[in-house]
Amino acid sequence: MPQVLERAEGCWAWVVLLASLVTQGLTLGFPTCTGIFFTELQHEFQASNSETSWFPSILTAMLHAGGPLCSILVGRFGCRVTVMLGGALASLGMVAGSFCRTLSQLYLTAGFITGLGMCFSFQSSITVLGFYFHHHRALANALASVGVSLGITLWPLLSRYLLEDLGWRGTFLVFGGVFLHCCVCGAILRPVATTVVPETTEAPPPPSKTPAPGCLAACGRAIQRHLAFDILRHNAGYRVYMLGVMWMVLGFLLPHVFLVPYAMWHGVDEHRAALLISIIGFSNIFLRPMAGLVAGRRDFAGHRKYLFSLAALLNGLTNLVCAASADFRVLVGYSLLYSVSMSAIGALIFQVLMDIVPMDRFSSALGLFTVLESVSVLISPPLAGLLLDTTDNNFSYVFYMSSFFLISAALFMGGSFCALRKKERPGMQAEAEGAITGVPSEQGLMVEDSRGAKKHLYTEVMYVTSI
């Protein structure tokens, strides 16, 4: 029986948007609650701060590093199957994690498997919006990003409530059932009818006498398609941005993991400490869509990378406020200020990448970007945990460390982009003079594929990020 295809921009598209919102709340919002379990896991396994920090770092790193594998699965099986597979893996990892007896087992189950499953679910839920929405794509992505903020708000409150009654093992078991809702959301993602321009069929080329390329050559082509190493070699702006973000992420994620233990260490009640993360999430419900819509305006197209550097600088300066005092009222103010710069970073991080690399190579540039970013995500919490172990649990040094990475990364990116702009200005002026006599404006930006057919390139704006 032939399968009925849904119509893009139809009524079902808004149901898909709701499913994407819920999926992103379940997946992208989850890593922020891992700090709730930090002390419990440390006592359970009699582990150091550095050893315990590997659990949230592996979980968050897999959430980023699985992107290229997810894109392969989406191309082979579609978004619906990939989202449901991700929900099943995330659930399996949490259920298995509730029975772990060692931290190594927890790294594999609740860290690696759950993180990979969440990556499959959230990236596929973002991808499907591009098929269902064309005219309202920017609005759809901005609304879907609200799910991330809702997840950041609700996951810490639910974690604190379940942890008191069920312990961390029972809580992880319940979380396994919660992640199965990703399978329900995936089932909603019906295939959508796409308008494809039929290509002219050509006669097959004569058989070549040279042997077919082997497995190694096929792997090389796949890596080139999903990981843009050629852009990394030849695009100076991409290199600067990649290094800057990798350095920035070493400090950016630390408050998500250590803010709750820091507050509890200084005598703040457990419920009020968990409320700090929820304040950040609740503020992002309003700030993140606004920042995303503002960042998408053409007026800021030439200045977005400098705004991103400024947001990173403000985020680093904000962490100094948290290190100065652990009073609950100060921490509430810190959470509000942190959410402002966090929403700006989340809205701009992919926009800046779109400004730096050609749009026809954005997918592969994003794949390499997320893989290398995951390296920083992986080593950042254990590095901070090692700092705690050597300073007798002085959490202030963690926030000083976070500020150092953020401020230095902001200054590096801002200065490097200014230097590149001065270096490229003569060439840009020459191109602008040559473009005056160029192509009519109705044709837009076009590229020519290997067959000689011309295709339009459209900038697809994405506002959803785990950062």
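More than 12 non-hydrogen atoms from other residues, nucleotides or ligands lie less than 6.0 angstrom from CZ of F37.
Taking all atoms of both residues into account, the shortest heavy-atom contact from L26 to C182 is CD1-SG, 3.8 Å. Shortest non-hydrogen contact noted between A65 and P68 is O-CD, 3.5 Å. Residues L189 and A19 share a closest heavy-atom pair of CD2-CB, 4.3 Å. The two residues I36 and L163 make their nearest non-hydrogen contact at O-CD2, 3.9 Å. Contact record, F417 with S309: CD1-OG, 4.4 Å, taken as the closest heavy-atom pair. Here the closest heavy-atom approach between residue F122 and residue T27 is recorded as CB-OG1, 3.1 Å.
Atom CE of residue M242 and atom CG of residue L372 lie 4.5 Å apart, to the nearest 0.5 angstrom. Expressed to the nearest 0.5 Å, how far CG of L378 lies from CD of E373 amounts to 12.5 Å. Going from atom OG of S376 over to atom CZ of F405 covers 9.0 Å, rounded to the nearest 0.5 Å. Rounding to the nearest 0.5 Å places CG of L106 at 10.0 Å from OG of S98. The line from CG of L85 to SG of C183 is 8.5 Å long, rounded to the nearest 0.5 Å. Of the inter-residue distances, the one linking E44 atom CD with L103 atom CG reads 9.5 Å to the nearest 0.5 angstrom.
Side-chain atoms of T390 come within 3.5 Å of backbone N or O of L386 as a donor-acceptor pair. When atom types are taken as modelled, the side chain of S20 and the backbone of S125 share a donor-acceptor pair closer than 3.5 angstrom. S57 places a side-chain N or O within donor-acceptor distance of the main-chain N or O of W54, the cut-off being under 3.5 Å. Proximity of a side-chain donor or acceptor of R304 to a complementary backbone N or O of V352 within less than 3.5 Å is not detected. Counting only distance, with no hydrogens or angles, the side chain of T171 and the backbone of S159 share no donor-acceptor pair below 3.5 Å. Of the possible polar contacts, one joining the S124 side chain to the F120 backbone as a donor-acceptor pair under 3.5 Å is found. Between the side chain of N394 and the main chain of L388, no donor-acceptor pair closer than 3.5 Å is present. Not a single donor-acceptor pair under 3.5 Å links the side chain of T32 to the backbone N or O of H256. Within the 3.5 Å criterion, the main-chain N or O of V178 finds a donor-acceptor partner in the side chain of H181. Using a distance-only test at 3.5 Å, with no hydrogens or angles considered, a donor-acceptor pair links the side chain of R80 to the main chain of A187.
Neither side chain, Q105 nor T109, offers a donor N or O lying under 3.5 Å from an acceptor on the other. Side chains of N315 and S341: a donor-acceptor N/O pair is present below 3.5 angstrom, by distance only.
Residues F286 and S149 have side chains not in contact (no heavy-atom distance under 4.5 Å, counting atoms from C-beta outward). Q42 places none of its side-chain heavy atoms less than 4.5 Å from the side chain of E51. Using a 4.5 Å cut-off on side-chain heavy atoms (C-beta onward), T82 and C70 make contact. Under the 4.5 Å side-chain criterion, counting only non-hydrogen atoms from C-beta, H64 is not in contact with V371. Counting heavy atoms from C-beta on, the side chains of I188 and W12 come closer than 4.5 Å. The shortest side-chain heavy-atom distance between R160 and E270 falls under the 4.5 Å cut-off. Using a 4.5 Å heavy-atom cutoff, the side chains of L317 and S403 are not in contact. Considering only heavy atoms from C-beta on, M94 stays 4.5 Å or farther from L173 through its side chain.
Each of T153, L259, L287 was checked for a side-chain contact (heavy atoms from CB on, under 4.5 Å) with I280, and the lone residue meeting it is L259. No option in T318, N319, D327 other than N319 meets the side-chain hydrogen bond (donor to acceptor under 3.5 Å, both in side chains) test with Y334.
For R239, there are no salt bridge (charged side-chain N to carboxylate O under 4.0 Å, His left out) partners, not counting sequence neighbours.
The six-membered or imidazole ring of F179 lies near that of F30, with a centre-to-centre distance under 6.0 Å. Two rings, from F399 and F258, have their centers 6.0 Å or more apart. Residues F45 and W168 bring their aromatic ring centres within 6.0 Å. F99 has its ring centre no less than 6.0 Å from the ring centre of F172.
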Item to complete: Take F252 and W247 through the ring pair (Phe, Tyr, Trp, His ring centres under 6.0 Å) test and state the conclusion after the steps.
Response: CA-CA 9 Å; F252 181 77; W247 190 256; over 10 Å; no
Item to complete: Would you sort out whether T114 and F175 count as a side-chain contact (heavy atoms from CB on, under 4.5 Å), showing the intermediate values?
Response: CA-CA 11 Å; T114 297; F175 285 172; over 6 Å; no
Item to complete: Using the side-chain contact (heavy atoms from CB on, under 4.5 Å) rule, take L59 and T34 through it: C-alpha gap first, then chi angles, then the decisive distance, then the call.
Response: CA-CA 9 Å; L59 175 72; T34 54; 3.7 Å; yes
Practice prompt. Evaluate the side-chain contact (heavy atoms from CB on, under 4.5 Å) criterion for residues I126 and Q24: first the C-alpha distance (whole Å), next the side-chain angles of each, then the deciding distance (0.1 Å), finally the verdict.
Written response: CA-CA 8 Å; I126 295 174; Q24 291 170 30; 3.5 Å; yes
Worksheet item: Stepwise, does the side-chain contact (heavy atoms from CB on, under 4.5 Å) test hold for L313 with L406?
Response: CA-CA 6 Å; L313 178 63; L406 285 159; over 6 Å; no
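Among residue pairs with one or both ends in residues 307-331, those qualifying as ring pair (Phe, Tyr, Trp, His ring centres under 6.0 Å) are Y241-F308; sequence neighbours excluded.
Note on ring orientation: taking the six-membered ring where Trp is involved, the planes of Y306 and H303 are tilted (angle from 30° to 60°).
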